[in-house]
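Predicted model only: the values in this text are computed from it and were never measured. Computation of the quantities below employed the complete heavy-atom set of this structure, encompassing side-chain atoms and omitting hydrogens, waters and symmetry-equivalent molecules.
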Amino acid sequence: MTKTIFMTLGMICSLLLFLTSCSKEAVLESDVIVEAEAPVSTDEKISLYVAETGDYITVNSMDEIKDLIQTKYSHLDYAEASIERLDAYEEELAYSETLDLEDPEVAQKYALDLSQRYGVTGSETAATRGTGVLFDGQGTGFLSVTTVPLNLRSSKRNRASSWTAIAGVTVLCDRTWWRGTKVVVLGIASLVDLRPLGFDNRTDSFF
């Protein structure tokens with residue numbers, strides 16, 4: 001009789017342990033689902049790197065960068081042209097958000113329009129164009145000459161580790177069509193190591 005009671009109690013304890021274990025697993029699965037469905041953060045970090053001085057400043061908006069150029073870096077010959085370039089960037093970003101760039105035909109037409117409007121012309125200065133070269137490595141492994149603001153080709157995205165600023169200002173972005181986290185590089189003829197800027201293998205588009 002006593003043995004039967006102990007066996008019954010043992011079975012009850014085993015059942016309780018099993019149910020408790022299942023309950024914990026259900027909670028864990030529920031937590032995973034909640035985490036997976038949580039909204040992705042839309043915070044987009046913006047930083048300014050000045051090649052000539054080595055200054056690296058994180059800001060909250062593109063307007064802050066323009067203010068810095070107009071005040072702290074106004075002595076640079078290409079400061080005014082850089083402001084114009086950033087103004088154009090903001091206008092183009094706002095306009096691109098009105099387009100369905102998931103549609104290949106729309107994207108192709110827009111890319112052609114960008115090429116026509118921002119390509120090299122006799123009336124433009126290098127600083128206004130914001131030209132430079134992206135490298136897959138420290139000045140080796142040529143990737144792209146950034147003259148017309150656009151996305152990198154899929155085979156070259158997220159591979160740049162350094163950047164040579166030929167002139168003016170360029171906005172490097174970690175998402176297509178100039179979205180996501182950005183590093184604004186200001187400077188002339190200087191090799192910029194993107195690793196300490198937290199932008200190694202992250203460039204997806206540029207302006």
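- Considering CZ of F206 and CG of N151, their distance stands at 8.5 Å, rounded to 0.5 Å.
- Note that CD of Q138 is 6.5 Å distant from CG of L191, once rounded to the nearest 0.5 Å.
- By the side-chain contact (heavy atoms from CB on, under 4.5 Å) test, D77 pairs with no residue at all, sequence neighbours left out.
- Residues that satisfy the side-chain hydrogen bond (donor to acceptor under 3.5 Å, both in side chains) test with E52, not counting sequence neighbours, are Y78.
- Counting all heavy atoms, side chain and backbone alike, G187 lies closest to A51 at CA-CB, 4.0 Å.
- The OH atom of Y89 sits 4.5 Å away from atom CE of M62, with the distance rounded to the nearest 0.5 Å.
- Checked by atom type, the side-chain pair Y110/S96 shows no donor-acceptor distance below 3.5 Å.
- A donor-acceptor distance shorter than 3.5 angstrom exists from the side chain of S162 to the backbone of G137, with no hydrogens or angles considered.
- Looking only at atom types and distance, the side chain of D63 has no donor-acceptor partner in the side chain of S61 under 3.5 Å away.
- The existence of a salt bridge linking D113 and R117 is confirmed by a sub-4.0 Å separation between a basic side-chain nitrogen and an acidic carboxylate oxygen.
- The CG atom of N158 sits 9.0 Å away from the CZ atom of F199 when rounded to the nearest 0.5 Å.
- Although no hydrogens or angles enter the test, the distance criterion places no donor-acceptor pair under 3.5 Å between the side chain of S205 and the main chain of L150.
- Partners of V59 under the side-chain contact (heavy atoms from CB on, under 4.5 Å) rule, at least two apart in sequence or in another chain, are I46, I57, E64, I65, L68.
- Using a 4.5 Å cut-off on side-chain heavy atoms (C-beta onward), F207 and L172 make no contact.
- Residues satisfying the side-chain contact (heavy atoms from CB on, under 4.5 Å) criterion with D200, sequence neighbours excluded, are S161, R195.
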Show me the side-chain donor-acceptor pairs of residues 97-107 shorter than 3.5 Å, one per line, residues at least two apart or across chains.
{"residue": "T98", "atom": "OG1", "partner": "Y95", "partner atom": "O", "Å": "2.5"}
{"residue": "D100", "atom": "OD1", "partner": "E102", "partner atom": "N", "Å": "3.4"}
{"residue": "D103", "atom": "OD1", "partner": "E105", "partner atom": "N", "Å": "2.9"}

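- Evaluation of the salt bridge (Lys or Arg N to Asp or Glu O under 4.0 Å) test over residues 159-186, restricted to residues two or more places apart or in two chains, returns E44-R175, E44-K182, D136-R159, D174-R202.
- Counting only heavy atoms from C-beta outward, the side chains of Y49 and L186 never approach each other to under 4.5 Å.
- Of the candidates V169, L86, T71, L48, K66 forms a side chain to side chain contact (heavy atoms under 4.5 Å, CB included) with just one, namely L86.
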